[in-house]
Amino acid sequence: MPPTLASLVHHSALKLTVRAGEDRLDVPVRWAHVSELADPVPYMEGGELLLVTALKLDAEDPEAMHRYVKRLAGAGVVGLGFAVGVNYDAVPEALVEAARQEGLPLLEVPRRTPFLAISKAVSAAIAADQYRAVTAGFAAQRELTRRTLTDGPEGLLAALAAQVDGWAALYDASGAVVATAPEWAGRRAARLTADVRRLRERPAPASSVVGGAGNPEHPENAENAENADRVELHSLGTSRRPRSALAVGTAAALGTAERYAVHSAIALLTLTTERSRSLHEAGLRIDAAVLRMLLAGEPDHARTVAGDLYGGLLDAPFRMIVAEQASASAARAHAGGQTRAPAAKTGSRSGSGSGGSPTAAAPGGDPLASLTEVVESAAARAGEAVLVVPEGERLVALATDGGAAVAACVEYAAALEAGRAAPEPMTGGDEEGLVVGLSAPSGPIAASAAYKQAEQALSVARRRGRVCVEHEHLAAGSVLPLLADDAVRAFADGLLRALRDHDATGRGDLVASLRAWLSRHGQWDAAAADLGVHRHTLRYRMRRVEEILGRSLDDPDVRMELWLALKATSPE
């Protein structure tokens with residue numbers, strides 16, 4: 001620890017005597033400074049032991065001494081050393097009384113003790129304290145490194161908590177708690193999710209201090225204001241947007257040794273959560289290659305290439321997720337809905353072997369990056385494997401059926417959809433332009449079919465203006481909503497225009513008659529009863545329909561097209 005007034009008093013070579021402030025000798029001394037100015041305060045920084053001989057002071061004037069000592073105490077001077085045998089044979093009582101009134105420690109310095117000796121003692125003690133701090137910091141670094149290599153991030157957090165005599169927590173990019181040490185700190189760490197998210201918005205590296213007496217309104221202090229922790233938050237990662245964050249909670253501000261330990265932990269966690277660029281790019285190529293093999297109907301080759309990278313993902317039922325930005329989705333639809341399998345450009349994977357490090361969203365509110373972050377973060381927290389392959393303006397992912405990643409994707413899409421529907425949208429930016437399709441549960445042998453299902457669901461979501469549609473829900477619904485398309489309506493209007501023009505002249509009601517006849521599956525008596533006409537009248541109208549359209553109603557394809565045209569133009 002740094003030198004204190006008490007340590008200087010107990011220094012056998014200095015022979016200092018305490019004349020006032022005996023109860024405040026445990027205050028740390030930042031420096032020993034000599035000044036004979038009548039007002040040295042402008043040159044003080046706080047924490048100094050001021051050494052004087054009273055060369056320019058009237059040390060026997062009570063009022064002058066009271067003003068002098070009061071200004072010193074107000075400036076943060078921790079003690080006053082008065083040399084006797086120079087200008088005064090003894091410490092004047094006026095100075096002693098003023099020091100007692102202000103609670104400022106007053107030390108008597110004997111004639112044989114030069115101020116230089118006191119300055120050297122303070123300097124030596126400060127240097128020794130710094131050396132001890134550096135030594136302790138190196139020892140902490142070695143211990144943190146050892147625990148990281150043997151026990152991973154969890155072991156590092158446990159060692160760090162012991163080093164700082166507090167607690168530590170690791171967060172993913174979404175602000176969710178990944179691990180804590182000790183375990184009882186999980187509840188405290190969870191309260192800081194909002195602070196972690198705010199830290200994520202700042203360019204890395206970033207840090208902030210929350211909690212503690214300096215922030216009484218913080219949620220961490222709401223339950224126990226007297227014993228609230230002082231928490232430091234540090235972003236982790238080398239990219240502009242941090243991948244995760246570290247929280248360190250202590251009862252007081254960190255000392256030098258503890259600061260070394262925290263900085264070492266930041267470096268080690270960054271190394272464990274950041275893969276080198278070459279390894280990362282190699283992993284991306286593997287991800288894309290494995291997906292291509294699955295889509296090509298080669299699951300055995302895909303398993304061989306993947307090895308243990310994805311755990312049991314390639315053996316258990318999975319869901320295929322295909323997502324696009326709305327702008328890209330609309331352009332694809334305008335181009336005729338052409339699709340293609342993902343190329344080997346980029347990709348990512350996460351799970352129990354990823355260190356719980358989710359992929360951070362790209363700057364600018366990229367919706368696909370945000371979805372990637374949501375899916376990978378959920379998978380990492382649940383210990384699941386997930387295969388994510390972004391390709392330009394499209395994202396393809398494989399996730400365990402019924403797992404946390406699929407649930408997180410659906411919940412995220414539902415939140416975006418709810419935000420759109422709100423009077424004042426709760427979400428903004430490009431995330432609202434996200435379109436997602438999910439396949440039904442499938443296996444590796446049917447990966448290509450699952451991909452087509454996800455694309456079909458994506459197309460339906462695009463047409464319906466939805467954020468997300470699941471393929472297995474389409475069969476339980478109706479095909480009619482799929483007709484809500486301008487091209488379909490144009491076809492229907494063209495097909496029925498001649499009949500509507502005929503009816504507009506007042507020469508009959510062919511459109512209504514056709515609808516009634518088709519709805520009764522061609523049963524003349526039932527359809528005529530619905531219309532309130534004789535069946536011979538209905539037969540005549542149907543012959544007119546065939547003559548006007550130039551098509552036979554005996555053809556089932558013609559009946560189908562006419563019925564769909566009627567539903568598309570008059571869904572009621």
Side-chain angles (χ1 to χ4, degrees), residues 1-57 59 65-86 88 91-92 95-137 165 213 230 250-260:
M1 60 181 296
T4 62
L5 294 175
S7 65
L8 295 176
V9 170
H10 290 98
H11 195 298
S12 58
L14 299 179
K15 309 295 183 181
L16 303 179
T17 303
V18 181
R19 299 298 306 275
E22 294 86 351
D23 57 339
R24 297 191 178 184
L25 298 181
D26 59 344
V27 180
V29 178
R30 294 182 59 245
W31 198 246
H33 182 68
V34 180
S35 177
E36 297 294 351
L37 294 175
D39 183 14
V41 167
Y43 306 99
M44 299 290 104
E45 294 181 350
E48 297 92 353
L49 169 62
L50 181 62
L51 304 175
V52 301
T53 65
L55 179 63
K56 297 183 179 180
L57 294 176
M65 288 301 95
H66 180 74
R67 291 193 301 269
Y68 178 74
V69 172
K70 186 177 182 65
R71 280 185 57 77
L72 294 181
V77 174
V78 298
L80 180 63
F82 190 91
V84 296
V86 182
Y88 292 88
V91 181
L95 179 57
V96 174
E97 183 61 26
R100 286 174 180 167
Q101 290 179 4
E102 294 297 327
L104 180 68
L106 176 60
L107 306 182
E108 180 181 311
V109 183
R111 181 69 176 83
R112 63 179 180 275
T113 300
F115 285 167
L116 182 60
I118 299 175
S119 298
K120 284 184 176 180
V122 171
S123 178
I126 291 175
D129 180 66
Q130 292 176 343
Y131 178 78
R132 284 191 297 269
V134 171
T135 302
D165 191 23
R230 177 188 184 275
T250 54
L254 298 175
T256 304
E258 291 79 9
R259 181 69 58 197
Y260 276 117

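Position 1 is the first residue of the sequence; numbering continues from there. Only a predicted model underlies this, so the values are computations on that prediction, with no experimental measurement involved.
- Side-chain contact check for Thr250 versus Asp165: every heavy-atom pair is 4.5 Å or farther apart.
- When each of Leu80, Val52, Val78 is paired with Leu72, the side chain to side chain contact (heavy atoms under 4.5 Å, CB included) condition holds for Leu80 and for no other.
- Distance OH/Tyr260 to CG/Leu254: 13.5 Å, rounded to 0.5 Å.
- Shown here for Ala20 and Arg100, the closest heavy-atom pair between the two residues is CB-CG, 3.7 Å.
- Contact check for Val84 versus Arg111: no side-chain heavy atoms found under the 4.5 Å cut-off.
- Of all heavy-atom pairs spanning Arg24 and Pro105, the tightest one is O-CG, 3.7 Å.
- Looking at heavy atoms from C-beta onward, Leu57 lies in side-chain contact with Met65 at the 4.5 angstrom threshold.
- When each of Leu50, Leu49, Val69, Val41 is paired with Val77, the side chain to side chain contact (heavy atoms under 4.5 Å, CB included) condition holds for Leu50 and for no other.
- Ala121 and Leu8 make their closest contact through CB-CD2, 4.2 Å (heavy atoms, listed as atom of the first residue, atom of the second, distance).
- One finds the CD1 atom of Ile126 at 7.0 Å from the CD atom of Gln130 (value rounded to the nearest 0.5 Å).
- With rounding to the nearest 0.5 Å, the separation of CG in Leu51 from CZ in Phe82 is 12.0 Å.
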Please lay out, stage by stage, how Leu25 and Thr4 fare under the test side-chain contact (heavy atoms from CB on, under 4.5 Å).
CA-CA 7 Å; Leu25 298 181; Thr4 62; over 6 Å; no

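- Here the side chain of Ser119 pairs a donor or acceptor atom with the backbone of Phe115 at under 3.5 angstrom.
- Counting heavy atoms from C-beta on, the side chains of Leu107 and Val18 come closer than 4.5 Å.
- Under the 3.5 Å distance criterion, the side-chain polar atoms of Tyr88 are matched with a main-chain donor or acceptor of Ala59.
- Scanning both residues, Ala83 and Thr53, for their nearest heavy atoms gives CB-CG2, 4.0 Å.
- Looking only at side-chain heavy atoms (C-beta outward), Trp31 and Pro3 stay at 4.5 Å or farther from each other.
- At a threshold of 4.5 Å between non-hydrogen side-chain atoms, the residues Met44 and His33 count as touching.
- Judged purely by atom type and a 3.5 angstrom limit, Glu97 has no side-chain atom pairing as donor or acceptor with the backbone of Leu95.
- More than 12 heavy atoms of other shown residues, nucleotides or ligands fall within 6.0 angstrom of atom CD in Glu36.
- Using modelled atom types, no side-chain atom of Glu102 and backbone atom of His66 make a donor-acceptor pair closer than 3.5 Å.
- One N or O on the side chain of Thr113 and one on the backbone of Leu14 form a donor-acceptor pair closer than 3.5 Å.
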